[in-house]
Amino acid sequence: MGRVLGGMERRFTSLNTESGVESWFVARAQSANRYQKSDDSREIEIETVLGLMHRIDERVDPNHLEISGDEKVGIRIGGEARQLDQSSSGFSSLLKLVQTIVAGYAAFTNDRSIADVRGRVFVDEIESHLHVSWQSRIIRLLAELFPNTTFLVTTHSALVTAQCRRGEVYLLERESEDGNVRSRLIESPGNSAFADLLDDVFGVDIDALKIENTRAEDQRESKAALLDMLRAGGNGS
């Protein structure tokens, strides 16, 4: 077991997962040439990532990648050349997630159908840096892109939770009595009303917040009206 874990650690430290999205492409492209031994070429990782990004957004050209002399990476979106360092944080986060999964699988297999490899992937706080539009579809999107992967995901987003089916979501709660963390199954999160899901899973009563905000607004309006009356009375005297 120690040898297995040690081998995994050595392999994962060579994946460049801590580097930026541009550095990842540069490192793979450096091995993608006609002189490279075929088993060591990482071109398939680039092709897989671009292909998956095209499935996410069909405007992304799956056959276009260029790297300048100063290692600036460019792709084509909607027929226009774009540098990756000019991408939004949401697009970069999604691209980084796909990169990491592909690189992780490629480190253990020479299968050219990397996206179809069977495995398990853990993602902590999957909603980080994702726009709400991506949060609302990320779970189903990953399931489509990696059909043989079991994803173990943590999240603080109700939008992510709402995509899941019965038996897929557990709430982790720390007991005040003994400090132990226990899990509680969330019944059919995908079929629950969003307000109920917020309340049950995240302890947010959206209706109570609306009432509180309405009262606060009424109080501000009442204070403003009272001040107007006082000013009018003062001018009249």
Side-chain angles (χ1 to χ4, degrees), residues 8-32 41-68 70-78 80-109 113-117 119-157 159-161 163:
M8 290 176 64
E9 182 177 2
R10 287 191 295 274
R11 283 173 179 256
F12 281 122
T13 53
S14 66
L15 299 183
N16 303 104
T17 55
E18 298 303 321
S19 62
V21 292
E22 286 190 300
S23 299
W24 187 93
F25 277 116
V26 171
R28 267 64 186 171
Q30 288 172 344
S31 73
S41 174
R42 308 322 305 163
E43 184 175 11
I44 184 60
E45 294 182 51
I46 296 176
E47 293 174 353
T48 300
V49 168
L50 290 178
L52 292 174
M53 293 306 295
H54 174 71
R55 290 181 59 185
I56 293 172
D57 185 344
E58 63 181 14
R59 297 177 305 158
V60 176
D61 189 338
N63 302 308
H64 180 84
L65 181 79
E66 57 183 14
I67 301 175
S68 63
D70 58 354
E71 298 189 346
K72 294 292 184 182
V73 178
I75 60 175
R76 186 175 289 129
I77 301 179
E80 297 183 1
R82 301 275 186 88
Q83 286 190 357
L84 285 184
D85 62 357
Q86 298 174 348
S87 301
S88 67
S89 60
F91 183 88
S92 297
S93 295
L94 193 58
L95 176 56
K96 185 66 175 178
L97 177 59
V98 172
Q99 280 182 347
T100 304
I101 296 172
V102 169
Y105 280 151
F108 293 96
T109 179
S113 300
I114 300 176
D116 294 325
V117 171
R120 293 180 176 86
V121 172
F122 176 77
V123 186
D124 187 28
E125 296 186 354
I126 194 170
E127 74 277 8
S128 296
H129 308 297
L130 290 182
H131 187 273
V132 292
S133 62
W134 288 119
Q135 290 184 35
S136 65
R137 53 190 289 236
I138 187 62
I139 298 298
R140 294 294 160 231
L141 185 61
L142 289 177
E144 293 172 5
L145 298 179
F146 302 94
N148 296 318
T149 294
T150 299
F151 286 94
L152 306 174
V153 174
T154 69
T155 184
H156 292 99
S157 170
L159 291 172
V160 172
T161 307
Q163 300 166 63

Legend entry - Residue pair Thr48, Glu45: steps toward the side-chain contact (heavy atoms from CB on, under 4.5 Å) verdict: CA-CA 5 Å; Thr48 300; Glu45 294 182 51; 5.7 Å; no
Legend entry - Phe151/Ile101 under side-chain contact (heavy atoms from CB on, under 4.5 Å): CA gap, chis, key distance, verdict: CA-CA 11 Å; Phe151 286 94; Ile101 296 172; 3.7 Å; yes
Legend entry - Criterion side-chain contact (heavy atoms from CB on, under 4.5 Å) on Gln30 and Glu71, from CA distance to verdict: CA-CA 11 Å; Gln30 288 172 344; Glu71 298 189 346; 3.9 Å; yes
Inset, instruction - Please step through side-chain contact (heavy atoms from CB on, under 4.5 Å) for the pair Phe25 and Gln99, ending with a clear verdict. - result: CA-CA 9 Å; Phe25 277 116; Gln99 280 182 347; 3.2 Å; yes
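Residues Pro62 and Gly51 approach most closely at CB-CA, 4.2 Å, considering heavy atoms. Summarising the geometry of His64 relative to Ile75, their closest heavy-atom pair is CD2-C, 3.6 Å, with the distance given to 0.1 Å. A pairwise comparison of heavy atoms in Ile114 and Ala106 identifies CD1-CB, 4.0 Å as the closest pair.
Between the Glu22 side chain and the Lys72 main chain, no donor and acceptor come within less than 3.5 Å of each other. In this structure, Gln163 contributes its side chain and Ile138 its backbone to a donor-acceptor pair below 3.5 Å.
Trp134 places a side-chain heavy atom less than 4.5 Å from the side chain of Ile56. The side-chain heavy atoms of Thr154 and Phe122, taken from C-beta on, include a pair separated by under 4.5 Å.
For the pair Arg59 and Asp57, the salt-bridge criterion is met [side-chain N within less than 4.0 Å of a carboxylate O].
Residues Thr149 and Tyr105 have side chains that bring a donor and an acceptor to within less than 3.5 angstrom of each other.
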